[in-house]
There are 4 protein chains.
Amino acid sequence: MTTRARHSHHRRPGRPREEATEQAITAAARQVLADKGVARMSMEHVAARAGVAKSTLYRRWPSKVELAVHAVAATFDEIEVGDHGSLAADMRSGIEEAARLLRDPSTGGAYAALLAESARDPEGVGTQVRESLSTRLHALVATSVARAIERGEIQPDMVDVDLLADVVVGSVMHRSLATGVPDQAFVDGLIELLADVAYARLHRAAVAASAARATD
Amino acid sequence: MTTRARHSHHRRPGRPREEATEQAITAAARQVLADKGVARMSMEHVAARAGVAKSTLYRRWPSKVELAVHAVAATFDEIEVGDHGSLAADMRSGIEEAARLLRDPSTGGAYAALLAESARDPEGVGTQVRESLSTRLHALVATSVARAIERGEIQPDMVDVDLLADVVVGSVMHRSLATGVPDQAFVDGLIELLADVAYARLHRAAVAASAARATD
Amino acid sequence: MTTRARHSHHRRPGRPREEATEQAITAAARQVLADKGVARMSMEHVAARAGVAKSTLYRRWPSKVELAVHAVAATFDEIEVGDHGSLAADMRSGIEEAARLLRDPSTGGAYAALLAESARDPEGVGTQVRESLSTRLHALVATSVARAIERGEIQPDMVDVDLLADVVVGSVMHRSLATGVPDQAFVDGLIELLADVAYARLHRAAVAASAARATD
Amino acid sequence: MTTRARHSHHRRPGRPREEATEQAITAAARQVLADKGVARMSMEHVAARAGVAKSTLYRRWPSKVELAVHAVAATFDEIEVGDHGSLAADMRSGIEEAARLLRDPSTGGAYAALLAESARDPEGVGTQVRESLSTRLHALVATSVARAIERGEIQPDMVDVDLLADVVVGSVMHRSLATGVPDQAFVDGLIELLADVAYARLHRAAVAASAARATD
DNA sequence: TCCTAACCGAGACGGTACGTCCTGTCTTATG
DNA sequence: CATAAGACAGGACGTACCGTCTCGGTTAGGA
């Protein structure tokens, strides 16, 4: 990713890193994270489970939190934002995907814990959490909307994507962690809510257009 | 919460608890929480700052998390859900109050951290977090809606209060911690979004009513 | 030893230290020290063998070196400087005692290692090593000489006790660690050497006395 | 020590070792040793200061201790045992040289630390320490005595060189590390002590000779 | 002129220990 | 009984080294 590395096919000096190691650590971290949560996940434990020395962990990640971010990111990497033909279908799929991810207490809890860490270090951990976690969740909504605009279903000025993304992700997360699990009724309710927003905006646009025609 | 003990005139045997102590501890805990966040808040540190022995802490709260919940609850106790005359005004006030609370990284971060803990122990910590934190945030929305129903602005079946509350609180929280601070534009956008939902539902109700009249 | 503690029979506040613990740690440290030497003795290992938490070690000794000093001092505490009736006999006994102690590579090696540490920190570790180890070895010679002076065997100005002590302890130590074990021949040789010094000084004193008589 | 390899004209295959490297490492090691002592000297640090890879160190010395021995030996190589015309003068010079070397805490401490290591491994490290360090210190005394015998000042059976050497080196070392720095008074006292031994032995030899003459 | 063996730097790796910090429990003496 | 004080078992943190290893690349002599 760094410029130097990109346009250079010369390998870095020194013994290259063991390829399998990173995967082993990531897998171990994900397991421990699922078992114990961010707070009780220990580098010692992860190293042992990965069959790796603790120093190897610290060579690759500066601290426990960074490793946790990486491990959760690995889970979020599974996010698929498929094309379902319409904004409505895409949104439903996005919300259900978010619900699927955050419903699992280990994933939802980990995400919340890392957001909490972000609050303490907005530049360091915060940036990483944003770049490798939050954006990925936001993509669930953002790409749906982008596709809808391409299809001509909606106009770009009709929706604030960032707001919408925070609404979707935030709602699902809060429901998952604070109020109860995001069941089908909740998902339906949320979709209906968003559908009503769309209805109102399209309706108002149509009224405005007919008014403009009348003025002619 | 400790009203039961206070109001009882059957005093427990032995030396009674120092009244000032609880306040001192709470104050100290809130400070430490603001300085370091839940993860790095330590009972040792809180005790020292409160000028109190560690055992006094554990006599009153079974563990660090419970004390943290108590300390955050003390902040959430400041929530005021005033009557502003209309649903729209009440909602705006509620959202702004939520934004005010969660914008502070120490409060927002602490709430997220405690939600994360809830994920690990939904019955113990989870219940406490729900009862003394989440409900209080939900109240921001719930009482507004209840009042609107009383006033006859809306019908009870027109809105799922729990859903709405999760949407408001969740959106504001996620914006605060993940995407950026909930500034005025965000608050306005969120209000507009909810207003559009109301518009759609009222509009549809009106259409349905006129259709019903026509059928007569 | 501190003034406050001395004239106070009031116990220090807080839970008193477990009496058995210090002995268990000392014993464990001495064993580990004998097995591995100062450099390879580990606090982890000592704690485990003593059946005690590592934090208990650090509560009592600020670092590994101090504990090692304490452990070696416990061995040196066995030093007995008995009265054998004459300076010659006392000296022989003292030298043999020194040889007995330092011949054991674990004790001799530990003492050397701690002297090496003293060189790095003459005020901290250095003072402790001097006060609890070196003085105890010096006592082997110093008390013998003091007794001889009491008995009238020699005059106080005939011998520099500090020098003599360094000669005895240093010779035995260097022989133990560098050249070979201090066997009987070595001990005999050293005693003979010291006896010759005494002979020379007494002889010269006698000559001087008769010369003085002659001058009268 | 490496003379065998150097004198051989059957050069080993492959790239020859960089000549300057060994000196750079030795110099760096001596500096680090002086700064931190044997225990805190680290191969990593020495390599960095010498501007050399860690593997280069291990290619030449099997472990840290051996390098330390080598570095101290480089200091001891400065020992000069000049001829000062008489045993007394040579001994004074030898003692002063020993005091000069061991007075420096870094040298004295290093020597003690390596003696301590010897105790743990008498055959491996022990042999090296003996051969390249202790013998060199013993030489301070041994050559003086040898020269005195050549000159006819004393008879070979009058003195146990090994004993004498341990006495001189051990005394100076112990004084340097444990009791205080070997100042002029100490050196004078030690010389006087040895002079008295000589006096006693020569005197007794003379008495015995005259007794033998009388018996004739 | 290539080949080969050893050198060198860089740095990853498995380990081990350090000394610090904190948790939650306990044991005292005193109010 | 509450409280201050602090000992205790336990556990994790992040750091620092050790000695080994695996690379790419260098530098000679011998084929």
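Hydrogens, waters and symmetry mates play no part in the numbers below; they use all other heavy atoms, side chains included. Note that the structure is a prediction, hence the values are computed from the model and not measured.
Summarising the geometry, the separation between CD on Glu18(D) and C1' on dG25(F) is reported as 14 Å, rounded to the nearest angstrom. At whole-Å resolution of the value, NZ in Lys64(C) and P in dT20(E) are 14 Å apart. Rounded to an integer number of Å, the gap from Trp61(A) CH2 to dA12(E) C1' is 13 Å. Met41(D) places its CE atom 18 Å from the P atom of dA16(F), with the value rounded to the nearest Å. Leu67(A) has its CG atom 15 Å from the P atom of dA12(F), to the nearest Å. Spacing between atom CD1 of Ile25(B) and atom C1' of dA4(F) amounts to 12 Å, rounded to whole angstrom units. If you measure from atom OH of Tyr58(A) to atom C1' of dT16(E), you get 15 Å, rounded to the nearest angstrom.
With Arg60(D) as the fixed residue, the side chain to side chain contact (heavy atoms under 4.5 Å, CB included) test singles out one of Thr26(D), Leu67(D), Thr21(D): Thr21(D).
For the pair Arg49(D) and Val32(D), the minimum side-chain heavy-atom distance is below 4.5 Å. With contacts defined as side-chain heavy-atom distances shorter than 4.5 Å, the pair Val69(A)/Trp61(A) does not qualify. Gln23(D) is not listed as a side-chain neighbour of Glu18(D), based on a closest heavy-atom distance of 4.5 Å or more. Within the 4.5 Å cutoff, the side chain of Arg40(D) has no heavy atoms near those of the His45(D) side chain. Side-chain atoms of Leu114(C) and Val125(C), non-hydrogen and from C-beta on, never get closer than 4.5 Å to each other.
Considering only side-chain N and O atoms, Arg12(C) lies under 4.0 angstrom from the phosphate OP1 or OP2 of dA7(F). OP1 and OP2 of dA12(E) both lie 4.0 Å or more from every side-chain N or O belonging to Thr21(A). One finds a side-chain N or O of Arg59(D) lying less than 4.0 angstrom from the OP1 or OP2 phosphate oxygen of dC8(E).
The existence of a salt bridge linking Lys64(C) and Glu44(C) is excluded, since no basic side-chain nitrogen approaches an acidic carboxylate oxygen closer than 4.0 Å.
Distances from the side chain of Ser63(D) to the nucleotides dG19(F), dC21(F), dT3(F) place dG19(F) closest.
Atoms CG and CG, from Leu133(B) and Leu115(B) in turn, are 8.0 Å apart once rounded to the nearest 0.5 Å. In this structure, CE on Met43(B) lies 6.5 Å from OG on Ser63(B), to the nearest 0.5 angstrom.
Residue Arg40(B) is the one, among Arg40(B) and Arg15(C), whose nearest nucleotide of DNA chain E lies closer to the 5' end (criterion: closest heavy atom).
Arg60(A) comes within 4.0 angstrom of sugar-phosphate atoms only, judged by non-hydrogen atoms across all strands, and of no base. Within the 4.0 angstrom heavy-atom criterion, only backbone atoms of the sugar-phosphate kind lie near Arg17(D); the bases stay farther away.
For residues 42-57 of chain A, proximity to DNA chain F is found at Ser42(A), Met43(A), Glu44(A), Lys54(A), defined as any non-hydrogen atom under 4.0 angstrom from a strand atom. Applying a 4.0 Å cut-off to non-hydrogen atoms, none of the residues of residues 116-126 of chain C approaches DNA chain F.
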